[in-house]
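What follows is one structure encoded as C-alpha coordinates, with my remarks underneath.
What you see below is based on every heavy atom in this structure, not just the backbone, and it leaves out hydrogens, waters and symmetry mates. A note on names: the letters A, B, ... follow the listed sequences, proteins ahead of strands, and every chain is numbered from 1.
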Amino acid sequence: MQVTLKVFRYNPEADKSFRYEIYTLEAEETDRILDLLEKVKGYNDGTLSFRRSCAHGVCGSDAMRINGRNMLACKALVRDVGDKITVEPLLGLKVVKDLIVDMEPFFDNYKKILPYFINDSPLPADGKERLQSPEERARFDETTKCILCAACTTSCPSFWASDQYYGPAALVTAHRFIFDSRDEAASERMHIIAETDGLARCHTAYNCTLACPREIPITKAIGELKMATITGKVE
Amino acid sequence: MATTKPRILPLTKRGLNFEMLMWLFTRLTALAMYGLILIAIIGALIMGARTQMNLADVLRWGFMPNSSHVQSTEVPDLAPWSTPFWKITASVLLLIAVAHGVHGLVVIADDYIVSSRGRNIARIISIIMVIAFSAMGLYILWTS
(Lines give C-alpha, C1' and ligand atoms only; values in the text may rest on other atoms or scores of the structure.)
Protein backbone atom coordinates (compact mmCIF):
# COMPACT_ATOMS: atom_id res chain seq x y z
CA MET A 1 0.00 0.00 0.00
CA GLN A 2 1.00 3.59 -0.51
CA VAL A 3 1.14 5.96 2.46
CA THR A 4 1.57 9.70 2.69
CA LEU A 5 3.92 10.68 5.46
CA LYS A 6 3.84 14.34 6.48
CA VAL A 7 6.80 15.11 8.74
CA PHE A 8 7.47 18.19 10.88
CA ARG A 9 10.84 19.62 9.91
CA TYR A 10 12.88 22.28 11.65
CA ASN A 11 16.60 22.94 11.51
CA PRO A 12 17.50 25.85 13.84
CA GLU A 13 20.73 26.46 11.91
CA ALA A 14 18.99 26.91 8.55
CA ASP A 15 15.25 27.50 9.06
CA LYS A 16 13.54 30.62 10.37
CA SER A 17 10.44 28.60 11.10
CA PHE A 18 9.24 25.01 10.98
CA ARG A 19 7.78 23.42 7.85
CA TYR A 20 6.22 20.11 6.85
CA GLU A 21 7.74 17.74 4.29
CA ILE A 22 5.47 15.23 2.58
CA TYR A 23 6.83 11.84 1.50
CA THR A 24 4.95 9.18 -0.44
CA LEU A 25 6.13 5.72 0.49
CA GLU A 26 5.38 2.08 -0.21
CA ALA A 27 4.60 0.33 3.05
CA GLU A 28 3.08 -2.80 4.53
CA GLU A 29 0.16 -2.28 6.88
CA THR A 30 2.20 -4.04 9.56
CA ASP A 31 5.07 -1.57 9.18
CA ARG A 32 5.73 0.63 12.17
CA ILE A 33 5.90 4.41 11.87
CA LEU A 34 9.53 4.09 12.94
CA ASP A 35 10.13 1.92 9.85
CA LEU A 36 8.73 4.68 7.64
CA LEU A 37 10.95 7.30 9.28
CA GLU A 38 13.97 5.03 8.85
CA LYS A 39 13.03 4.60 5.18
CA VAL A 40 12.83 8.37 4.67
CA LYS A 41 16.14 8.87 6.46
CA GLY A 42 17.80 6.07 4.51
CA TYR A 43 16.45 6.73 1.02
CA ASN A 44 14.93 10.25 0.84
CA ASP A 45 16.60 12.66 3.24
CA GLY A 46 19.48 11.72 5.50
CA THR A 47 19.15 14.98 7.43
CA LEU A 48 15.84 13.90 9.03
CA SER A 49 16.45 13.71 12.78
CA PHE A 50 14.60 11.65 15.36
CA ARG A 51 15.47 9.68 18.49
CA ARG A 52 15.32 5.90 18.55
CA SER A 53 17.20 3.21 20.39
CA CYS A 54 15.76 -0.22 21.16
CA ALA A 55 12.90 0.08 18.64
CA HIS A 56 10.83 -2.36 20.70
CA GLY A 57 8.83 -0.13 23.04
CA VAL A 58 11.16 -0.49 25.99
CA CYS A 59 13.59 2.45 25.93
CA GLY A 60 10.99 5.17 25.33
CA SER A 61 13.21 7.20 22.98
CA ASP A 62 10.89 7.58 20.03
CA ALA A 63 7.79 9.13 21.59
CA MET A 64 6.26 11.60 19.13
CA ARG A 65 2.91 12.93 17.97
CA ILE A 66 1.44 10.68 15.30
CA ASN A 67 -1.78 12.00 13.79
CA GLY A 68 -2.10 14.30 16.80
CA ARG A 69 -1.68 11.64 19.50
CA ASN A 70 1.41 10.87 21.54
CA MET A 71 2.70 7.41 20.68
CA LEU A 72 5.91 5.45 20.40
CA ALA A 73 6.87 5.32 16.72
CA CYS A 74 8.14 1.77 17.26
CA LYS A 75 4.76 0.55 18.56
CA ALA A 76 2.39 2.39 16.20
CA LEU A 77 1.56 0.37 13.08
CA VAL A 78 0.43 1.79 9.74
CA ARG A 79 -2.82 -0.20 10.01
CA ASP A 80 -3.55 1.53 13.33
CA VAL A 81 -3.06 5.10 12.12
CA GLY A 82 -4.17 4.94 8.45
CA ASP A 83 -2.46 5.79 5.18
CA LYS A 84 -2.29 9.54 5.77
CA ILE A 85 0.18 10.01 8.59
CA THR A 86 1.38 13.21 10.20
CA VAL A 87 4.39 12.98 12.48
CA GLU A 88 5.30 15.86 14.80
CA PRO A 89 7.50 16.36 17.87
CA LEU A 90 6.10 16.17 21.40
CA LEU A 91 4.29 19.29 22.60
CA GLY A 92 5.40 21.43 25.52
CA LEU A 93 9.14 20.88 25.07
CA LYS A 94 11.43 23.00 22.90
CA VAL A 95 12.22 21.47 19.49
CA VAL A 96 15.95 20.88 19.05
CA LYS A 97 15.73 19.59 15.47
CA ASP A 98 12.92 17.96 13.47
CA LEU A 99 11.33 15.39 15.80
CA ILE A 100 13.87 15.78 18.61
CA VAL A 101 12.80 17.83 21.64
CA ASP A 102 14.83 19.11 24.58
CA MET A 103 14.03 16.63 27.39
CA GLU A 104 15.87 18.59 30.11
CA PRO A 105 12.76 20.22 31.69
CA PHE A 106 11.14 16.77 31.77
CA PHE A 107 14.09 15.16 33.56
CA ASP A 108 14.56 18.19 35.87
CA ASN A 109 11.00 17.63 37.11
CA TYR A 110 11.61 13.89 37.37
CA LYS A 111 14.65 14.43 39.60
CA LYS A 112 12.66 16.63 41.99
CA ILE A 113 10.66 13.71 43.39
CA LEU A 114 13.79 11.73 44.44
CA PRO A 115 13.37 8.91 41.90
CA TYR A 116 15.44 6.32 43.73
CA PHE A 117 15.02 3.82 46.55
CA ILE A 118 15.71 5.25 50.01
CA ASN A 119 16.12 3.01 53.05
CA ASP A 120 18.71 3.85 55.68
CA SER A 121 17.67 1.11 58.12
CA PRO A 122 20.19 -1.66 58.84
CA LEU A 123 19.92 -4.75 56.70
CA PRO A 124 17.79 -7.62 58.04
CA ALA A 125 19.50 -9.94 60.56
CA ASP A 126 20.33 -12.49 57.87
CA GLY A 127 22.12 -9.77 55.89
CA LYS A 128 20.09 -10.57 52.79
CA GLU A 129 17.17 -8.91 51.02
CA ARG A 130 14.51 -6.59 52.43
CA LEU A 131 11.57 -8.93 51.92
CA GLN A 132 8.19 -7.88 50.63
CA SER A 133 4.95 -9.85 50.33
CA PRO A 134 3.40 -10.38 46.87
CA GLU A 135 0.52 -8.09 47.96
CA GLU A 136 2.92 -5.30 48.94
CA ARG A 137 4.69 -5.64 45.61
CA ALA A 138 1.42 -5.65 43.68
CA ARG A 139 0.43 -2.33 45.28
CA PHE A 140 2.79 -0.34 43.03
CA ASP A 141 3.25 -2.82 40.18
CA GLU A 142 1.56 -0.66 37.55
CA THR A 143 3.70 2.39 38.20
CA THR A 144 6.93 0.39 37.88
CA LYS A 145 6.21 0.07 34.15
CA CYS A 146 7.08 3.69 33.29
CA ILE A 147 9.80 3.99 30.61
CA LEU A 148 10.16 7.80 30.84
CA CYS A 149 9.16 8.36 27.23
CA ALA A 150 7.39 11.63 28.23
CA ALA A 151 4.29 10.77 26.18
CA CYS A 152 2.12 11.41 29.26
CA THR A 153 3.72 14.62 30.47
CA THR A 154 3.72 16.19 27.00
CA SER A 155 0.04 15.32 26.49
CA CYS A 156 -0.94 17.17 29.68
CA PRO A 157 -2.60 20.60 29.25
CA SER A 158 -1.19 21.74 32.61
CA PHE A 159 2.33 20.95 31.41
CA TRP A 160 1.71 22.80 28.13
CA ALA A 161 0.77 25.85 30.22
CA SER A 162 3.91 25.63 32.37
CA ASP A 163 6.84 23.23 32.42
CA GLN A 164 7.22 24.03 36.13
CA TYR A 165 4.49 21.42 36.72
CA TYR A 166 6.20 18.17 37.72
CA GLY A 167 4.02 16.30 35.24
CA PRO A 168 2.42 12.84 35.21
CA ALA A 169 5.66 10.89 34.67
CA ALA A 170 7.28 12.36 37.79
CA LEU A 171 4.13 11.75 39.83
CA VAL A 172 3.93 8.15 38.57
CA THR A 173 7.49 7.61 39.79
CA ALA A 174 6.61 9.24 43.12
CA HIS A 175 3.73 6.74 43.38
CA ARG A 176 6.10 3.87 42.60
CA PHE A 177 8.33 4.71 45.60
CA ILE A 178 5.76 6.12 48.06
CA PHE A 179 3.68 2.93 47.94
CA ASP A 180 6.74 0.65 48.12
CA SER A 181 6.73 -0.88 51.61
CA ARG A 182 10.55 -1.06 51.62
CA ASP A 183 11.07 2.64 50.93
CA GLU A 184 11.43 5.02 53.88
CA ALA A 185 11.14 8.44 52.22
CA ALA A 186 7.39 8.49 51.58
CA SER A 187 6.89 11.52 53.82
CA GLU A 188 9.67 13.49 52.14
CA ARG A 189 8.22 12.78 48.70
CA MET A 190 4.68 13.55 49.84
CA HIS A 191 5.80 17.02 50.92
CA ILE A 192 7.52 17.57 47.58
CA ILE A 193 4.55 16.57 45.42
CA ALA A 194 2.07 18.52 47.58
CA GLU A 195 3.77 21.77 46.53
CA THR A 196 1.88 24.16 44.22
CA ASP A 197 3.57 22.75 41.09
CA GLY A 198 2.80 19.17 42.09
CA LEU A 199 -0.48 17.33 42.62
CA ALA A 200 -2.60 20.49 42.55
CA ARG A 201 -1.73 21.09 38.89
CA CYS A 202 -3.38 17.81 37.84
CA HIS A 203 -6.91 18.64 36.67
CA THR A 204 -7.73 15.00 35.77
CA ALA A 205 -7.86 15.63 32.03
CA TYR A 206 -6.96 11.91 31.52
CA ASN A 207 -4.77 12.76 28.49
CA CYS A 208 -1.84 11.07 30.24
CA THR A 209 -3.73 7.82 30.73
CA LEU A 210 -4.71 7.78 27.05
CA ALA A 211 -1.17 8.60 25.90
CA CYS A 212 0.77 6.10 28.00
CA PRO A 213 2.23 3.38 25.70
CA ARG A 214 2.61 1.10 28.75
CA GLU A 215 -1.07 1.48 29.66
CA ILE A 216 -0.31 2.71 33.17
CA PRO A 217 -3.51 4.08 34.79
CA ILE A 218 -1.72 7.37 35.47
CA THR A 219 -4.69 9.52 36.49
CA LYS A 220 -5.72 6.82 38.96
CA ALA A 221 -2.21 6.76 40.43
CA ILE A 222 -2.21 10.55 40.81
CA GLY A 223 -5.65 10.30 42.45
CA GLU A 224 -4.22 7.79 44.95
CA LEU A 225 -1.44 10.23 45.79
CA LYS A 226 -3.97 13.02 46.35
CA MET A 227 -5.98 10.79 48.68
CA ALA A 228 -2.78 9.79 50.48
CA THR A 229 -2.17 13.43 51.40
CA ILE A 230 -5.59 13.44 53.06
CA THR A 231 -5.67 9.99 54.68
CA GLY A 232 -1.93 9.38 55.13
CA LYS A 233 -2.44 5.80 53.92
CA VAL A 234 0.49 4.69 51.75
CA GLU A 235 -0.22 0.97 51.74
CA MET B 1 8.58 -14.30 55.51
CA ALA B 2 7.82 -10.61 55.14
CA THR B 3 5.29 -9.11 57.51
CA THR B 4 2.76 -6.52 56.40
CA LYS B 5 2.90 -3.51 58.68
CA PRO B 6 0.37 -0.67 58.45
CA ARG B 7 1.80 2.34 56.68
CA ILE B 8 -0.15 5.43 57.68
CA LEU B 9 1.77 8.68 57.73
CA PRO B 10 1.12 10.98 60.69
CA LEU B 11 -0.81 14.19 60.00
CA THR B 12 2.31 16.35 59.81
CA LYS B 13 4.17 13.95 57.51
CA ARG B 14 1.74 13.42 54.67
CA GLY B 15 2.14 16.74 52.79
CA LEU B 16 -1.28 17.91 53.94
CA ASN B 17 -0.83 21.61 53.19
CA PHE B 18 -3.32 24.38 52.36
CA GLU B 19 -3.16 23.39 48.66
CA MET B 20 -4.30 19.83 49.35
CA LEU B 21 -6.89 20.89 51.94
CA MET B 22 -8.40 23.18 49.30
CA TRP B 23 -8.37 20.25 46.86
CA LEU B 24 -10.48 18.31 49.36
CA PHE B 25 -12.63 21.39 50.09
CA THR B 26 -13.41 21.78 46.38
CA ARG B 27 -14.63 18.19 46.12
CA LEU B 28 -16.71 18.34 49.31
CA THR B 29 -18.29 21.70 48.43
CA ALA B 30 -19.26 20.36 44.99
CA LEU B 31 -21.16 17.56 46.73
CA ALA B 32 -22.63 20.01 49.27
CA MET B 33 -23.90 22.27 46.48
CA TYR B 34 -25.66 19.34 44.82
CA GLY B 35 -27.28 18.52 48.19
CA LEU B 36 -28.40 22.11 48.88
CA ILE B 37 -29.83 22.54 45.36
CA LEU B 38 -31.74 19.28 45.79
CA ILE B 39 -33.10 20.45 49.15
CA ALA B 40 -34.24 23.74 47.58
CA ILE B 41 -35.98 22.00 44.66
CA ILE B 42 -37.71 19.46 46.93
CA GLY B 43 -38.71 22.31 49.27
CA ALA B 44 -40.16 24.26 46.33
CA LEU B 45 -42.21 21.24 45.24
CA ILE B 46 -43.53 20.77 48.80
CA MET B 47 -44.49 24.48 48.90
CA GLY B 48 -46.60 24.13 45.76
CA ALA B 49 -44.18 24.78 42.89
CA ARG B 50 -45.69 21.92 40.89
CA THR B 51 -48.80 23.97 40.06
CA GLN B 52 -47.59 27.52 40.71
CA MET B 53 -44.21 27.68 38.92
CA ASN B 54 -42.70 26.57 35.63
CA LEU B 55 -39.54 24.49 35.37
CA ALA B 56 -37.24 27.48 34.74
CA ASP B 57 -38.49 29.25 37.88
CA VAL B 58 -38.08 26.10 39.98
CA LEU B 59 -34.49 25.71 38.76
CA ARG B 60 -33.79 29.41 39.37
CA TRP B 61 -35.00 28.95 42.93
CA GLY B 62 -33.02 25.73 43.25
CA PHE B 63 -29.74 27.39 42.33
CA MET B 64 -30.38 30.27 44.78
CA PRO B 65 -33.39 29.92 47.10
CA ASN B 66 -34.07 33.62 47.45
CA SER B 67 -37.74 34.71 47.66
CA SER B 68 -37.24 37.41 45.02
CA HIS B 69 -36.80 34.54 42.54
CA VAL B 70 -40.46 33.51 42.95
CA GLN B 71 -42.01 37.01 42.92
CA SER B 72 -42.98 36.85 39.26
CA THR B 73 -44.58 33.40 39.53
CA GLU B 74 -48.11 32.40 40.52
CA VAL B 75 -47.07 31.75 44.14
CA PRO B 76 -49.82 33.47 46.18
CA ASP B 77 -47.87 34.09 49.39
CA LEU B 78 -44.11 34.76 49.60
CA ALA B 79 -43.92 34.19 53.37
CA PRO B 80 -43.08 30.44 53.28
CA TRP B 81 -40.39 31.21 50.67
CA SER B 82 -38.60 33.81 52.78
CA THR B 83 -38.24 32.08 56.15
CA PRO B 84 -34.90 32.12 58.02
CA PHE B 85 -34.43 28.47 56.93
CA TRP B 86 -34.34 29.46 53.27
CA LYS B 87 -32.22 32.54 53.96
CA ILE B 88 -29.68 30.39 55.79
CA THR B 89 -29.78 27.73 53.04
CA ALA B 90 -29.20 30.42 50.40
CA SER B 91 -26.41 31.99 52.46
CA VAL B 92 -24.58 28.67 52.87
CA LEU B 93 -24.99 27.97 49.16
CA LEU B 94 -23.66 31.42 48.31
CA LEU B 95 -20.62 31.16 50.59
CA ILE B 96 -19.51 27.73 49.46
CA ALA B 97 -20.21 28.54 45.78
CA VAL B 98 -18.08 31.70 45.96
CA ALA B 99 -15.22 29.92 47.76
CA HIS B 100 -15.44 26.91 45.40
CA GLY B 101 -15.55 29.08 42.27
CA VAL B 102 -12.84 31.54 43.23
CA HIS B 103 -10.54 28.73 44.32
CA GLY B 104 -11.14 27.12 40.92
CA LEU B 105 -10.00 30.37 39.29
CA VAL B 106 -6.85 30.39 41.45
CA VAL B 107 -6.05 26.79 40.43
CA ILE B 108 -6.39 27.65 36.74
CA ALA B 109 -4.39 30.88 37.22
CA ASP B 110 -1.59 28.86 38.85
CA ASP B 111 -1.24 26.91 35.59
CA TYR B 112 -0.22 30.08 33.77
CA ILE B 113 1.25 32.30 36.52
CA VAL B 114 4.41 30.59 37.69
CA SER B 115 6.36 33.32 39.51
CA SER B 116 5.83 33.41 43.27
CA ARG B 117 5.14 37.18 43.09
CA GLY B 118 2.48 36.66 40.42
CA ARG B 119 0.90 33.85 42.40
CA ASN B 120 0.82 36.00 45.54
CA ILE B 121 -0.92 38.79 43.62
CA ALA B 122 -3.46 36.29 42.23
CA ARG B 123 -4.12 35.04 45.76
CA ILE B 124 -4.62 38.54 47.17
CA ILE B 125 -7.06 39.34 44.34
CA SER B 126 -8.89 36.06 44.98
CA ILE B 127 -9.26 36.82 48.70
CA ILE B 128 -10.66 40.27 47.88
CA MET B 129 -13.07 38.65 45.40
CA VAL B 130 -14.29 36.11 47.98
CA ILE B 131 -14.89 38.79 50.60
CA ALA B 132 -16.56 41.21 48.16
CA PHE B 133 -18.83 38.64 46.48
CA SER B 134 -19.82 37.08 49.81
CA ALA B 135 -20.60 40.44 51.42
CA MET B 136 -22.64 41.65 48.43
CA GLY B 137 -24.51 38.35 48.19
CA LEU B 138 -25.31 38.18 51.91
CA TYR B 139 -26.47 41.81 51.89
CA ILE B 140 -28.89 41.08 49.04
CA LEU B 141 -30.15 37.82 50.59
CA TRP B 142 -30.89 39.32 54.01
CA THR B 143 -32.30 42.68 52.91
CA SER B 144 -34.44 41.67 49.91
Side-chain angles (χ1 to χ4, degrees), chain A residues 92 105 113 124 126 128-140 156-165 174 178-205 222-223 225-235, chain B residues 1-35 96-130:
Chain A
I113 57 94
D126 62 2
K128 293 181 181 172
E129 306 148 84
R130 301 180 197 281
L131 293 178
Q132 190 170 48
S133 70
E135 293 76 23
E136 286 172 331
R137 176 61 180 76
R139 181 67 187 86
F140 60 96
C156 175
S158 298
F159 186 78
W160 297 336
S162 163
D163 64 10
Q164 296 296 303
Y165 170 40
I178 286 169
F179 286 91
D180 186 337
S181 61
R182 301 163 301 175
D183 189 89
E184 291 183 340
S187 174
E188 211 174 334
R189 290 193 187 89
M190 292 295 284
H191 279 89
I192 293 168
I193 62 173
E195 291 297 321
T196 306
D197 288 318
L199 291 172
R201 298 272 64 73
C202 168
H203 308 319
T204 52
I222 296 174
L225 289 171
K226 288 173 178 171
M227 282 309 291
T229 64
I230 307 298
T231 64
K233 279 183 78 172
V234 289
E235 58 185 0
Chain B
M1 185 69 189
T3 54
T4 306
K5 57 181 179 182
R7 295 180 76 228
I8 298 177
L9 299 172
L11 199 58
T12 55
K13 297 199 169 186
R14 59 180 75 156
L16 185 58
N17 53 13
F18 180 73
E19 199 90 56
M20 297 316 298
L21 279 173
M22 285 307 290
W23 174 79
L24 182 65
F25 171 82
T26 310
R27 267 100 203 128
L28 295 179
T29 48
L31 290 174
M33 282 189 281
Y34 278 119
I96 61 175
V98 169
H100 178 101
V102 173
H103 179 255
L105 287 176
V106 173
V107 169
I108 300 301
D110 278 352
D111 280 351
Y112 299 94
I113 303 171
V114 291
S115 70
S116 58
R117 184 166 177 267
R119 281 179 173 170
N120 284 337
I121 292 170
R123 277 156 176 70
I124 290 167
I125 293 171
S126 73
I127 291 167
I128 294 170
M129 282 168 72
V130 168

Would you say B/R7's side chain and A/A186's backbone share a donor-acceptor pair under 3.5 angstrom?
no
Return yes if some donor-acceptor pair links the side-chain N/O of B/R14 with the main-chain N/O of A/I230 below 3.5 Å, else return no.
yes
B/R119 vs A/D197, test: salt bridge (charged side-chain N to carboxylate O under 4.0 Å, His left out). Steps then yes/no.
CA-CA 11 Å; B/R119 281 179 173 170; A/D197 288 318; 2.7 Å; yes
Counting heavy-atom pairs under 4.5 Å with chain B, which one of A/R130, A/K233, A/H203 comes out on top?
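Ranked by heavy-atom pairs under 4.5 Å with chain B, first place is A/H203.
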What distance do B/L9 atom CG and A/E235 atom CD have between them, rounded to the nearest 0.5 Å?
10.0 Å
Nearest 0.5 Å, please: how far is OG in A/S158 from OH in B/Y112?
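Answer rounded to 0.5 Å: 7.5 Å.
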Where does A/I193 contact chain B at under 4.5 Å (heavy atoms): side chain, backbone, both or neither?
neither
Where does A/F179 contact chain B at under 4.5 Å (heavy atoms): side chain, backbone, both or neither?
backbone
Output, in order, the C-alpha distance, side-chain angles, deciding distance and verdict of side-chain contact (heavy atoms from CB on, under 4.5 Å) for A/M190 and B/L16.
CA-CA 8 Å; A/M190 292 295 284; B/L16 185 58; over 6 Å; no
What are the two closest non-hydrogen atoms of [X] and [Y], and how far apart are they?
| X | Y | value |
| --- | --- | --- |
| A/A200 | B/E19 | CB-CG, 3.4 Å |
| A/S162 | B/D111 | CB-O, 3.2 Å |
| A/A194 | B/G15 | CB-O, 3.1 Å |

Applying side-chain contact (heavy atoms from CB on, under 4.5 Å), run through B/I8 and A/V234 and close with a yes or a no.
CA-CA 6 Å; B/I8 298 177; A/V234 289; over 6 Å; no
Heavy-atom side-chain proximity of B/L24 to A/K226 below 4.5 angstrom
no
Do we see a donor-acceptor contact under 3.5 Å between the side chains of A/H191 and B/N17?
no
Relative to chain A, which segment of B/V114 carries a heavy atom at a distance below 4.5 Å: side chain, backbone, both, or neither?
side chain
